[in-house]
Amino acid sequence: MSEQRARLARGGRIDRSRICTFTFDGRTYTGCAGDTVASALLANGVHLVGRSFKLHRPRGIVGAGVDEPNALLTLRGGGRTEPNIQATMAELYDGLSAVSQNRWPSLALDALSINGLFSRFMPAGFYYKTFMGPTRGAWMWFEPAIRRAAGLGKAARERDPDRYEREHAFCDVLVVGAGPAGIAAALAAGRAGSRVLLLEQMATAGGALLDERTDSHAERWRSEHLAELEALDNVTLMTRTTVFGVYDGGVTGALERVHDHEPEPPRGQPRQRLWTVRAARTVFAAGSTERPLLFGDNDCPGVMLASAARRYLNHFGVLPGRRVVVHANNDSAYAAAGELRRAGAEVTVVDRREQPAPDVGAALRADSIELISGARVERAHGRHRVRAVTVADARGTRRLDCDLVCVAGGWSPNVHLASHLGHRPVYDARVGAFVPDTLPEGQFAVGTMTGELDDAGAVAVGWRAGLAAAGQTDDERAPAPPATAAASGWVHAHGNGEAPRGGPGKTFVDLQNDVTDRDVALAFREGYRSVEHLKRYTTLGMGTDQGRTSNINGLELMAGLRGQSIPETGTTTFRPPFTPVALGALVGRRTGRHFRPERRTPMHDCHRERGAEFVRAGQWLRPRYYPEHGADVDTAYVAEMRAVREAVGMVDVSTLGKIDVQGPDAPEFLNRVYANGWLKLAVGKARYGAMLRDDGLVFDDGTTSRLAEHRYFMTTTTAEAGPVMSWLEFLLDTAWPDLRVHVTSVSDQWAGVAVAGSSGGHVLAAALDGVDTSDDTLPPMGVRDATTDDGLPVRILRVSFSGERAYEVYTPAGYGAHLWERLMAAGQPHGIEPYGTEALGGLRIEKGHPAGPELDGRTTLDDLGLGRMARPNKPFVGDVLRHRPALESEDRRRLVGLQPVEPGARLRAGALVFPDGAPVEGHGIGHVTSVTWSPTLGHYVALALVAGGPAREGEIVAAASPVHGEHVRVQVVPGVFLDPEGERIHA
Amino acid sequence: MLRIPCPFCGERDHAEFSYGGDARVQRPALDDRSEERWYRYVFLRDNPRGPHREFWQHVGGCRAWLVVERDTGNHEILDVRFAADAMKEAQCE
């Protein structure tokens with residue numbers, strides 16, 4: 001364990017009394033509570049933290065926040081493993097484990113850094129040029145090796161044990177960013193009484209104020225104003241919450257890292273929370289990001305943004321270097337220079353300007369800091385840490401030894417969020433940067449993100465925006481500015497961009513994606529000159545950091561090459577997310593069983609107690625088969641079918657869609673939505689109906705019963721229950737508002753059991769005391785509502801899906817389990833057995849009834865052999881378009897039966913049908929839709945949709961399932977395998 | 001991300017609603033036998049940028065079908081009415 005040798009004895013906002021032990025690449029270090037992984041590593045003198053994406057070059061920590069391009073680590077382990085986390089954003093906790101990425105075998109000795117030596121062969125566009133066109137096939141071979149060599153961290157394969165949540169928030173005023181301008185805006189709106197939500201991505205509110213010393217006026221301002229915000233009940237400040245996207249309708253997406261700063265979330269707590277914030281007005285106070293200056297080998301560990309060095313010094317109490325070269329083109333770095341010097345470092349300032357401001361020169365001399373003006377750093381030296389820089393000016397070059405280079409190339413306002421809605425930022429020559437354009441009503445941008453130069457301005461503008469967002473006019477009580485050290489003229493960065501350098505070393509524009517100035521020049525030479533092309537050809541700005549430190553420098557290079565100004569060259573579009581969002585957070589709790597609701601029928605517990613195997617049917621859990629009937633599904637469902645055919649069985653049909661249709665025009669309504677006729681259906685009778693879509697294809701089928709003159713009970717398939725209900729409502733609301741009909745879904749109100757088999761009538765009579773179930777009262781297709789002697793209400797339909805004598809018995813859902821048990825008990829003497837969806841399907845296949853696999857949204861009534869149902873002399877939905885020529889073509893695939901030529905052969909649903917002897921190529925002449933073993937016939941039977949349909953009856957064809965390696969000769973037969981005359985329903 | 005002010009239930013998140021397509025197309029009368037008109041109604045759609053009239057159903061609420069006027073450029077909801085009312089008025093016009 002090494003001590004924190006770069007930690008200062010005092011200063012900063014960390015807690016030196018709470019030591020956190022952590023490991024990096026297996027080695028143990030210590031840090032303090034309040035550290036990030038980055039600041040703790042720097043406190044231990046660790047600068048080398050990763051290898052670059054493509055070239056495997058050693059990389060260090062550049063920034064101190066979300067701008068960090070290099071220091072991407074993999075945190076935690078097992079299912080909690082999270083790759084590509086910025087060390088600058090990862091808060092330290094005791095026991096944290098971090099590993100570096102994209103290196104092998106180790107960070108210090110990376111075998112693949114040989115890429116760096118061969119990098120001249122991997123310029124921009126390498127992949128496109130090498131693997132497109134005739135050599136495309138080569139990608140297949142090289143991809144695995146390239147993917148191994150180039151890349152970021154690896155995701156865990158284990159399941160993430162943590163929980164993620166999604167929540168909604170509503171407020172009058174949303175303030176994004178708790179820097180000086182954001183705090184002022186929140187305070188103004190808060191004092192005015194608005195509901196204010198202030199979101200801050202870092203763990204501590206303060207923004208750029210955190211760069212200031214803890215004994216400064218800025219710190220007092222920060223703590224006083226935050227205390228006032230906290231005292232306001234109508235203001236909520238959320239830290240560790242990053243706004244990642246701005247959307248229409250005042251919607252903002254934010255990610256709260258609720259427990260990322262702890263080893264694991266407390267029980268019941270989420271790791272992260274995704275917020276959908278709806279705000280009447282939004283104030284963006286997103287701050288700005290410092291730009292690096294470009295020079296040879298500027299990616300050497302130890303080259304850091306000057307603002308980041310200040311943050312490490314003043315917030316974390318870490319002196320990141322002892323011999324420092326500050327390289328600047330503006331005044332903002334001078335505060336860093338002075339503070340580093342006073343903290344004990346030797347400091348030399350290399351200013352690109354000939355004439356830095358006179359007062360800063362004097363301040364430097366007072367601190368005995370050497371100033372070299374009109375000079376530039378040409379190149380950094382050092383492998384795993386910078387050792388020296390070459391500085392050039394008009395007189396020549398010299399070498400300065402150093403262990404830290406602070407670069408200060410001016411500031412880029414964080415315009416991202418303000419442009420998510422498509423408002424492109426505009427170039428402001430005054431500050432040499434892009435700033436938000438005029439924003440839509442209800443949105444405000446304040447602070448340094450607008451190019452506002454000083455604290456007084458930022459606070460004043462923030463205050464006014466907060467008032468305006470709260471619907472107030474001026475208020476005298478604006479806070480005084482915090483007067484930070486950086487207050488004087490820190491934005492003025494011109495002439496940073498320049499022609500790509502010659503000479504030794506590589507100049508990186510985009511550190512995360514390894515894009516150099518030469519890559520930009522290559523893109524220019526090859527014609528990729530628009531910013532959008534530059535981005536895609538070189539991948540500049542396409543990393544997880546969205547090019548926060550690289551976009552403007554790349555743009556300036558391209559502008560220089562094109563001989564244009566920056567605004568003429570343009571800027572790219574910013575899209576969400578501003579920072580990466582874990583998929584887990586987007587998904588929230590909708591994983592596994594919670595992915596969609598699970599619906600259980602009222603008889604669920606009865607099935608479970610019998611040990612049923614369940615199957616998901618849409619959202620429903622239905623018994624697939626009852627293992628008591630056989631060792632596996634194949635033997636069990638056949639036994640269940642046999643019970644129905646030879647005695648009696650019962651099945652839970654509660655999942656069917658049920659719709660109560662009422663009104664004087666109900667007969668006419670049904671007559672319009674169904675293809676068959678409904679006007680003559682008598683009260684107390686049920687009828688099978690098929691309904692079409694407007695395009696003439698079959699939509700759904702089911703039985704509908706007439707309960708009374710103006711009242712019908714419609715059933716739909718399980719799958720289409722919802723869509724049919726919506727469709728009927730659509731027709732009544734939009735097409736036929738004059739029809740006096742109401743439809744109400746009663747699917748959940750009624751439990752249903754189908755009792756099928758020759759002794760079904762006896763079972764009913766025994767179970768439903770006092771209800772007349774005789775053939776006279778309940779002939780086939782008869783319907784009646786009744787109540788048993790002991791008060792059980794039932795609705796009985798004598799309809800059959802299995803071809804047997806069968807009854808559907810419905811009862812209010814709360815009595816469902818009772819009805820089930822009652823029928824089961826009454827059926828015992830008759831040998832009743834429950835059956836599941838497999839047997840249900842098998843029974844209907846034997847009878848040739850089309851169901852889901854045949855009603856696949858592509859079949860017509862004629863395809864299904866139901867064409868005769870359609871009434872020719874009445875208009876109904878879908879009647880016109882069902883006559884389109886292609887739908888009436890003779891060679892359409894139509895429903896037929898198939899049976900194997902060899903009686904023992906197995907058939908498969910999904911098998912393709914080919915002419916006998918034809919090769920198994922293409923899509924064949926049809927496909928098998930449904931298959932069952934027929935215990936009655938002793939062989940497999942199948943339904944299939946085959947070109948030509950019934951015209952092929954008697955023909956031998958082949959059913960091939962290449963995925964199973966099966967090829968079975970089958971004969972085309974009529975689709976009804978059993979009892980074609982339908983005599984069994986009277987049995 | 002939309003909030004739709006349902007005339008019956010009040011303003012609700014669009015997750016409670018389901019989209020029902022273009023409300024500007026004119027549905028032929030039930031007894032209209034013109035294949036051309038039915039074909040146009042079922043298959044042909046404009047894809048306008050700007051104000052658009054579309055059907056939504058408040059499936060997670062009152063279940064009413066609505067005609068929502070929405071700007072496809074910025075998702076602004078300009079008007080919401082019961083479809084039954086909108087259709088009756090359209091017939092009167």
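Each chain gets a letter, A, B and so on, in the order the sequences are listed, and its residues count up from 1.
- Comparing B:L2, B:L30, B:V59 by heavy-atom pairs within less than 4.5 Å of chain A, the highest count is held by B:L30.
- If you measure heavy-atom distances from B:I77 to chain A, you find no contacts under 4.5 Å at all.
- With a 6.0 Å radius and a threshold of 12 heavy atoms from other residues, nucleotides or ligands, A:L583 has its CG atom at or below the threshold.
- Checked against ring pair (Phe, Tyr, Trp, His ring centres under 6.0 Å), A:F244 has no partners two or more places apart in sequence or in another chain.
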Inter-chain donor/acceptor N,O pairs below 3.5 Å: chain B to chain A:
unit_1	atom_1	unit_2	atom_2	d
B:M1	O	A:R278	NH1	3.0
B:D13	OD2	A:R278	NH2	2.7
B:R27	NH1	A:D694	OD1	3.4
B:R27	NH1	A:D694	OD2	2.8
B:R27	NH2	A:D694	OD1	2.9
B:R33	NH1	A:D879	OD2	2.9
B:R33	NH2	A:D879	OD2	3.3
B:Q57	OE1	A:S726	OG	2.7
B:Q57	NE2	A:E729	OE1	2.5
B:R63	NE	A:E729	OE1	3.1
B:R63	NE	A:E729	OE2	2.8
B:R63	NH2	A:S726	OG	3.4
B:R63	NH2	A:E729	OE1	2.8
B:W65	N	A:D733	OD2	3.0
B:W65	NE1	A:S726	O	3.2
B:A84	N	A:D733	O	3.3

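- Atom CZ of A:F170 has more than 12 neighbouring heavy atoms from other residues, nucleotides or ligands inside a 6.0 Å radius.
- B:F82 does not touch chain A: none of its heavy atoms, backbone or side chain, sits under 4.5 Å away.
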